[in-house]
Amino acid sequence: MLPTNAYAAQSATTPLAPFKFERRDPGAHDVQIEILYCGVCHSDIHQARNEWGGSTFPMVPGHEIVGRVTATGNKVTKFKAGDLAGVGCFVDSCRECDNCKQGVEQYCEGGMSGTYNSRERLTGAPTYGGYSTQIVVDENYVLTVSEKLPLAGVAPLLCAGITTYSPLKYLGVGKGHKVGVLGLGGLGHMAVKFAVAFGAEVTMLSSSPSKKADAEKLGAHHFALTSDAAIMKGLANSFDFILNTVSAQHDYGMYLNLLRTNGTMIVVGVPPVPATVPAIQLIMKRKSIIGSLIGGIKETQEMLDYCAEHNIVSEVEVITADKINEAYERMLKGDVRYRFVIDAASLKN
Ligand code: NAP
Ligand code: ZN
Ligand code: ZN
């Protein structure tokens, strides 16, 4: 067994604290990875605080992992010691259902095994995530990471990146489309980068006036303050797509109003409280709401390769693991520019 240092939540109401546990030794198909960086996703907060229900403790959050391979099982073909590797939001799935066969394992009918707050498929043991020094994962669920990009900025691509890339691709968003990105946080800033790279005209819809200059630096063509009623009124019937990344309770109706006829709101943010949707808002101009969950392994690799080719990384603030509780508090205030990333070297000893 592999002694591993981590930060864990022991309950939904206690701060994260140092935690030691053992990873399994790599099996024939497994890759052992020394974690270098792990991004901090708002889903980590939702789950560590049991805001979605069903959380299990102790919980080692973290599903935006990059590191270096330290050992491989004797049947592994895609990785060797010394390679860079990434792990995202899931570490296994049934591999047999239609969704798994089609490469959208995130929608596995048997339920994917989440990287944390979930269960190993074979043993039923709890899964522990990336706020830790190492991880052991079946090679089919490990991504290849380019040596070209700064690694701390690559880590958030494994969730924030793929979660925004995937629906934009699925819906064919690009040239000639007007896109509103709602919420400028970890997901929102990646959404801006991808939508701009795909050729869309992008408006940042934010509740934070202080983020205007950053939105423009990220490539957004326009910025609109969502708390300004006059600005929101002026934007009615403006967008083909709104990518909604907001993590807290909010009014969908207000933003559906900004869509054109046949417009689509893409929901990726998961507020703990369900939203109410006024039917009239959908009916009057044949608008739709579509949800999207991360992305499959094949598409995640495609996204990582696209980012390496186009020099796209996340804007990050690197922290030591002991700053994780402070980072959560700052994220809840919208005070993150635009992703905290844990330097896993700070977990050694
Ligand atoms: P984040 O970095 O904390 O960003 C969320 C942003 O939402 C904030 O920066 C803020 O942007 C806005 N916001 C927060 N509270 C708000 C409020 N009360 N009213 C209006 N806007 C508010 O979070 P994240 O990591 O990007 O995650 C966003 C959400 O996506 C979370 O719910 C997370 O669980 C979910 N998620 C879903 C998937 C998926 O597969 N679908 C994957 C990853 C994460 P402004 O300051 O610009 O308003
Ligand atoms: Zn995430
Ligand atoms: Zn499956």
Side-chain angles (χ1 to χ4, degrees), residues 38-49 51-52 61-65 88-90 92-117 121 129-130 155-167 181-192 204-212 214-215 218 220 223-227 243-252 254-255 266-273 290-296 300 314-317 327-340:
C38 182
V40 180
C41 178
H42 207 112
S43 302
D44 301 348
I45 305 180
H46 290 312
Q47 292 177 89
R49 299 188 174 184
E51 292 174 353
W52 295 337
H63 56 207
E64 294 184 335
I65 299 165
C89 298
F90 56 94
D92 207 350
S93 65
C94 86
R95 310 174 195 210
E96 284 165 3
C97 71
D98 286 348
N99 289 338
C100 281
K101 282 187 188 148
Q102 284 166 28
V104 284
E105 304 90 345
Q106 73 275 31
Y107 302 123
C108 174
E109 281 154 23
M112 63 177 177
S113 289
T115 302
Y116 68 88
N117 193 27
R121 246 198 132 68
L157 300 178
L158 275 303
C159 175
I162 186 60
T163 299
T164 48
Y165 179 96
S166 181
V181 173
L182 180 58
L184 184 44
L187 268 56
H189 91 290
M190 290 312 307
V192 170
M204 186 67 234
L205 301 164
S206 173
S207 63
S208 307
S210 62
K211 293 179 182 171
K212 183 172 191 286
D214 285 350
L218 291 165
F223 179 90
L225 193 59
T226 53
S227 55
L243 207 163
N244 181 349
T245 76
V246 173
S247 53
Q249 188 177 9
H250 62 290
D251 174 14
Y252 279 21
M254 175 175 150
Y255 301 105
I266 307 161
V267 174
V268 290
V270 193
V273 179
I290 185 171
S292 189
L293 177 67
I294 43 175
T300 304
S314 170
E315 308 298 313
V316 300
E317 179 175 338
Y328 280 10
E329 291 309 321
R330 284 182 52 196
M331 283 169 74
L332 289 168
K333 286 190 252 154
D335 176 22
V336 50
R337 299 212 149 89
Y338 280 90
R339 199 56 140 187
F340 291 112

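Note that ligands are numbered from 1 as they come in the structure, with each ligand's atoms numbered from 1 the same way.
With values rounded to the nearest 0.5 angstrom, Asp98 atom CG is found 11.5 Å from Glu96 atom CD. Here the straight-line distance linking atom NE2 of His250 with atom OG of Ser207 works out to 10.5 Å at 0.5 Å rounding. The distance from the OG1 atom of Thr115 to the CG atom of Asp92 is 10.5 Å, given to the nearest 0.5 Å. Between the NZ atom of Lys101 and the OG atom of Ser93 there is a distance of 12.0 Å, given to the nearest 0.5 Å. To the nearest 0.5 Å, the span separating CE on Met190 from CZ on Arg339 amounts to 10.0 Å. A distance of 8.5 Å separates CG in Leu218 from CE in Met204, rounded to the nearest 0.5 Å.
The residue from Val270, Val268, Leu184 that alone fulfils the side-chain contact (heavy atoms from CB on, under 4.5 Å) condition with Thr245 is Val268. Under the side-chain contact (heavy atoms from CB on, under 4.5 Å) rule, Leu182 has a single partner from Val267, Leu243, Val246, which is Val246. Remark: of the listed residues Ser314, Cys159, Ser43, Cys89, Cys159 is the sole one forming a side-chain contact (heavy atoms from CB on, under 4.5 Å) with Glu64.
Polar contact with ligand 1: present for Ser292 (N/O pair, distance under 3.5 Å). Close N/O approach between Ser208 and ligand 1 is found [any backbone or side-chain N/O within under 3.5 Å].
Electrostatic pairing of Glu329 and Arg49 counts as a salt bridge here, judged by a charged N lying under 4.0 Å from a carboxylate O.
For the pair SG of Cys159 and NE2 of His63, the angle at the Zn ion (ligand 2) is about 110°; rounding is to 10 degrees. The Zn ion (ligand 3) lies at the vertex of an angle of 110° between the SG atom of Cys97 and the SG atom of Cys94 (rounded to 10°).
Closest to atom 45 (P) of ligand 1 among all protein heavy atoms lies Ser206 OG, 3.4 Å. The single protein non-hydrogen atom nearest to atom 28 (C) of ligand 1 is Thr245 O, 3.0 Å, given as residue, atom name and distance. Nearest to atom 11 (O) of ligand 1 among the protein's heavy atoms is Leu184 N, 3.1 Å. With respect to atom 37 (C) of ligand 1, the closest heavy atom belonging to the protein is Val268 O, 2.9 Å. Among protein heavy atoms, the minimum distance from atom 24 (P) of ligand 1 is reached at His42 CB, 3.6 Å. Among protein heavy atoms, the minimum distance from atom 26 (O) of ligand 1 is reached at Leu187 N, 2.8 Å. Of all protein heavy atoms, the one closest to atom 5 (C) of ligand 1 is Ser247 OG, 3.7 Å. Annotation: atom 2 (O) of ligand 1 to nearest protein heavy atom, Gly186 N, 2.8 Å.
A donor-acceptor contact under 3.5 angstrom links the side chains of Asp44 and Tyr116, judged on distance only.
Ligand 1 has at least one atom lying under 4.0 Å from a heavy atom of His46. For Arg339, the heavy-atom gap to ligand 1 drops under 4.0 angstrom. Ligand 1 has at least one atom lying under 4.0 Å from a heavy atom of Cys41.
When the heavy-atom distances from atom 8 (C) of ligand 1 to Lys211, Gln106, Met190, Arg337 are ranked, the shortest goes to Lys211. Proximity annotation for atom 44 (C) of ligand 1: of Gly185, Pro271, Ser43, Ser43 comes nearest, heavy atoms only. When the heavy atoms of Ala248, Gly161, Ser210 are ranked by distance to atom 16 (C) of ligand 1, first place goes to Ala248. Ranked by closest heavy atom to atom 19 (N) of ligand 1, the top entry among Val246, Asp214, Ile162, Leu182 is Val246.
If you number the atoms of ligand 1 from 1 as listed, the ones under 4.0 Å from a heavy atom of Ile294 come out as 39 (C), 40 (O). Taking a cut-off of under 4.0 Å to the non-hydrogen atoms of Gly269, the atoms of ligand 1 that pass are 29 (C), 30 (O), 32 (O), 35 (C). Using a 4.0 Å cut-off to heavy atoms of Leu293, the atoms of ligand 1 that qualify are 40 (O). Interface atoms of ligand 1 facing Gly183, defined by a heavy-atom separation under 4.0 Å, are 11 (O), 47 (O). Taking every non-hydrogen atom of Ser207 and a distance limit under 4.0 Å, the qualifying atoms of ligand 1 come out as 21 (N), 45 (P), 46 (O), 47 (O), 48 (O). Short contacts between ligand 1 and Trp52, defined as distances under 4.0 Å to a heavy atom of the residue, involve ligand atoms 34 (O).
Here Cys159 has side-chain heavy atoms under 4.0 Å from ligand 1, and that is the only part of it that gets that close. Contact annotation for Thr163 and ligand 1: only side-chain heavy atoms (C-beta onward) come within less than 4.0 Å of the ligand. Heavy atoms of Tyr328 found under 4.0 angstrom from ligand 1: none, in either backbone or side chain. Of the heavy atoms in His250, none comes closer than 4.0 Å to ligand 1.
Listed for the Ser206 side chain is a donor-acceptor partner under 3.5 Å among the backbone atoms of Ser208. Looking at Tyr107, its side chain does come within 3.5 Å of a backbone N or O of Leu293 through a donor-acceptor pair. Between the Glu105 side chain and the Gly296 main chain, no donor and acceptor come within less than 3.5 Å of each other.
The two residues Gly188 and Val181 have their closest heavy-atom pair at O-CG1, 3.6 Å.
With contacts defined as side-chain heavy-atom distances shorter than 4.5 Å, the pair Leu157/Tyr165 does not qualify. Between Arg337 and Ser210 the shortest side-chain heavy-atom distance falls below 4.5 Å.
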